[in-house]
Every structure is written in structure tokens, then in C-alpha cells.
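Below, chain A is the first sequence line, B the second, and so on; all start at residue 1. Owing to the predicted nature of the structure, the values given are computational and were not obtained by experimental measurement. FYI, side chains are in, hydrogens and waters are out, and symmetry mates aren't considered; it's all heavy atoms of this structure.
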Amino acid sequence: MTQPLPLPAPPDGTGHDYILVCKAIAFISRAFRDQPKTEEIAAAVGVSTAELNALFRRWAGLTPKAFLQAVTLDHARRLLDGEASVLDAAYDSGLSGPGRLHDLFVTHEAMSPGEYKAGGAGLTIRYGFHASPFGLALVMANERGLCGLAFADAAAAPGAALDPAAPAAAKSFSGPIGRAAALADMTHRWPRARLIEDTAATAPYAERIFRPDLWRADQPLNVFMIGTDFEVRVWQTLLKIPMGQATTYSTIAGHIGNPKASRAVGAAVGRNPVSFVVPCHRVLGKSGALTGYHWGITRKQAMLGWEAGRAG
DNA sequence: AGCAACAAATATC
DNA sequence: GATATTTGTTGCT
């Protein structure tokens with residue numbers, strides 16, 4: 001019952017491939033400074049270059065080379081932003097993050113259906129914009145905890161720079177662009193809530209969310225989830241996925257008792273208001289493909305790479 | 001009516 | 001043969 005969420009590790013084919021891809025992603029995230037050749041990546045994983053290419057293409061939708069570029073690009077951008085403090089802190093703090101802390105770190109509290117229906121009436125939400133490893137983040141919180149996390153820039157969806165022949169990556173970014181749009185995207189979920197810009201109040205949240213070294217089970221981050229019953233159940237399941245690992249939509253569907261509801265799970269995952277903290281980026285298609293992501297497929301890749309690099 | 005899915009069938013190399 | 005593309009079905013908002 002309370003088993004730690006069955007991850008796609010089992011039968012021969014898929015599980016094996018999955019591990020290989022994980023290894024490759026971890027290797028690239030770790031060694032991107034050296035700009036390893038595809039050959040070297042393949043050697044590190046233990047397969048031929050042809051296999052690696054096919055595998056990667058099948059699982060991640062792009063070639064190992066393209067993934068390497070994405071990781072490198074992302075790193076460069078963070079340094080350029082002059083917001084290197086978060087990144088440096090993460091790298092320099094030894095990345096001690098024993099990978100499993102994430103799920104312990106986050107506790108949650110759901111809204112009652114009645115409160116949900118009220119559209120957030122009587123709720124006071126404070127919000128602020130903060131730099132993060134994955135672009136400008138919009139952080140929202142109320143007295144009971146963190147209640148929203150979104151991204152406000154399109155910078156992490158550089159489909160063009162990444163792979164000119166893959167307009168899919170750029171097109172897939174359907175999310176809002178810009179602060180006002182991001183704020184609107186989040187607030188229309190709770191139309192009656194009172195909003196106050198209060199960067200000072202949200203800064204501590206931003207600080208803790210993106211620094212694994214601050215994740216502690218004894219000082220949990222409280223998350224206030226606002227959604228329908230079904231959505232909340234899906235999000236709770238997501239919180240059980242350990243950092244650096246991934247699951248599938250259909251696995252979650254089975255886990256909450258409706259094996260055939262995978263499509264609905266996908267929709268619910270996408271509606272998750274606290275992206276990254278509720279690890280929606282750790283959900284892949286059953287074939288292992290990186291499917292959609294509200295804030296851009298590239299950002300999803302960056303998150304997975306970021307985590308893979310410090311989970312092992 | 002519309003989805004961040006899936007499986008099976010079919011077309012393509 | 002192994003991969004693209006299409007088609008029917010699916011559960012929840």
C-alpha cells in the first residue's frame with residue numbers, strides 16, 4: 001500500500017534502457033564542462049554510439065549531442081545572469097543532497113473542495129519574482145505555505161539555438177511569457193484571492209526551493225495545494241517520486257486506482273500550480289519520451305539533468 | 001469541448 | 001525487420 005511508488009525498473013527491455021539513459025544523462029550533466037564526444041558518452045554508459053543515439057532519440061527526443069548543448073547553454077546562461085549565487089551555492093556546497101530528501105522535505109496540505117469552489121475567496125496570497133536555475137520564477141505563498149510556483153520567462157525554451165531542425169521544442173512552450181502573463185496564468189486559478197506583491201515574504205521560499213542543501217525533513221516546506229480532489233491525489237503521488245528519478249503517467253494512474261486514467265493524470269499533472277516542488281518534470285510517457293511541459297520541454301530537460309547530476 | 005496519454009493498427013523506410 | 005504516423009478509446013475538467 002505505502003510501497004515507494006513502483007518505478008519503471010522492472011521487466012527486461014524498458015528498465016534496462018531506462019537505466020542506460022539515466023546514466024547517460026547523469027554523465028552528460030556531470031561532464032559537460034569537458035564537452036565529451038558522443039563516443040565518450042557511449043563508452044561511459046557501456047554501449048555503442050549507434051545504440052546510444054537510437055536510445056537517446058527514442059527516450060528524450062533528441063540526440064546526446066543536442067542534450068549536451070542544452071545543458072551547457074543552460075549553465076552558461078545562469079553564469080551570465082550574474083545570478084550565479086544560487087548555482088555556485090549548489091555546486092560548491094558539495095551537492096551533498098542525498099537524493100531522497102525531496103519528498104521528505106515537502107509536506108502538503110490540501111484545500112477542501114468547498115474552499116476550492118470558492119475560487120480562493122478570503123485567501124491572501126503574497127507573491128514575488130526571483131531568479132532561479134531555470135529562469136525567472138514567480139513564487140506565491142499564503143499564511144499556510146507555498147501555494148504557487150511558475151516561470152516567467154521564455155529564456156529556457158531556446159528551441160532555435162538548441163536544434164534548428166526541431167521546431168517542436170520551441171513550439172512546445174505554450175506557457176506564458178513575461179511577468180504579467182505568468183502572474184495572470186497563476187491568478188486566474190483563484191480569481192477571488194487577494195494578491196499582494198511582497199518579494200521580501202517570498203524570498204525565503206525561493207531560496208530554499210532551489211538549494212538542495214537546505215532541504216531538511218525536520219524543517220519541511222509547507223505546500224498548500226489548491227485543486228480538485230483528483231488533482232490533489234495526483235500531486236500527492238508526484239511528491240513520492242524521489243529526486244533524480246522518474247515515473248510515467250500510467251504508473252501514477254494505476255497508483256491512484258484508475259489504471260486507465262493516464263490521460264486525466266497528464267492533465268492534472270499539467271495543472272499543478274507548484275511546479276518543480278511538486279515534481280511534475282519527473283513524469284515521462286510510458287515509452288520514456290519527454291512529453292509535454294507547461295513551462296517548456298527544454299526546461300523539463302534542464303530540471304532532469306540538474307537533478308540527475310546531483311542525485312547519484 | 002479539450003487535454004502534458006496509450007495501445008493497436010497501419011504506413012513507411 | 002524496425003520505426004513513423006494515424007486512429008480509437010480513455011477519464012476528468
Side-chain angles (χ1 to χ4, degrees), chain A residues 6-8 11-14 16-18 21 47-48 50-63 110-120 134 149-151 154 156-157 159 165-176 182 185-186 188-191 225-239 241 246-304:
Chain A
L7 295 159
D12 348 332
T14 38
H16 187 59
D17 288 0
Y18 173 75
V21 172
V47 295
S48 72
E51 284 175 288
L52 179 69
N53 263 311
L55 212 57
F56 225 87
R57 209 152 195 353
R58 184 148 40 87
W59 279 71
L62 30 65
T63 63
M111 202 175 205
S112 75
E115 287 176 299
Y116 168 70
K117 200 161 187 188
F134 311 111
L149 176 60
F151 293 95
K171 189 184 66 180
S172 72
F173 182 76
S174 57
D185 182 69
M186 294 302 287
H188 86 266
R189 299 163 195 237
W190 318 299
M225 301 203 276
I226 307 174
T228 65
D229 193 52
F230 180 81
E231 288 169 342
V232 170
R233 258 188 304 152
V234 171
W235 301 337
Q236 286 171 341
T237 307
L238 288 185
L239 288 174
I241 307 172
T247 188
T248 67
Y249 296 98
S250 57
T251 302
I252 294 174
H255 201 255
I256 61 175
N258 300 48
K260 291 191 216 157
S262 49
R263 185 151 199 174
V265 167
V269 170
R271 230 169 282 119
N272 152 41
V274 201
S275 61
F276 188 69
V277 174
V278 174
C280 39
H281 54 285
R282 292 182 204 147
V283 189
L284 311 177
K286 184 145 196 188
S287 68
L290 278 173
T291 48
Y293 189 61
H294 187 67
W295 307 106
I297 298 264
T298 307
R299 205 182 313 251
K300 188 172 183 173
Q301 284 164 353
M303 286 174 177
L304 287 168

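- Heavy atoms only, all atoms of each residue included: A/K286 and A/S250 are closest at CD-OG, 3.4 Å.
- B/dA4 makes up no base pair with any nucleotide shown, lacking Watson-Crick or G-U wobble contacts both under 3.5 Å.
- In this structure, A/R263 places its CZ atom 10 Å from P of B/dC6, rounding to the nearest Å.
- Note on A/A264: a base of the nucleic acid sits closer than 4.0 angstrom, heavy atoms only.
- One interatomic measurement links the two molecules: CZ of A/R271 to C1' of C/dG11, which rounds to 12 Å at whole-angstrom precision.
- In this structure, the CD atom of A/E51 is 16 Å from the C1' atom of C/dT3, given to the nearest Å.
- The backbone N or O of A/R271 sits less than 3.5 Å from a side-chain atom of A/R189, completing a donor-acceptor pair.
- Searching all strands for a Watson-Crick or G-U wobble partner of C/dT10 with both distances below 3.5 Å returns nothing.
- Protein atom CD of A/E231 is 7 Å distant from nucleotide atom C1' of C/dT13, rounded to whole Å.
- Between A/K260 atom NZ and C/dG11 atom P the separation is 6 Å, expressed in whole Å.
- If you measure from atom NZ of A/K117 to atom P of C/dT13, you get 13 Å, rounded to the nearest angstrom.
- Counting only distance, with no hydrogens or angles, the side chain of A/W235 and the backbone of A/I226 share no donor-acceptor pair below 3.5 Å.
- Taking side-chain N and O atoms only, A/S250 has a distance below 4.0 Å to OP1 or OP2 of B/dC6.
- Look at CZ on A/F230: it is 12 Å from C1' on B/dA5, rounded to the nearest Å.
- Using cut-offs of 30° and 60° for the angle between ring planes, the A/F151 and A/F134 rings count as perpendicular.
- Taking atom NE2 of residue A/H294 and atom P of nucleotide B/dA4, one finds them 9 Å apart after rounding to whole Å.
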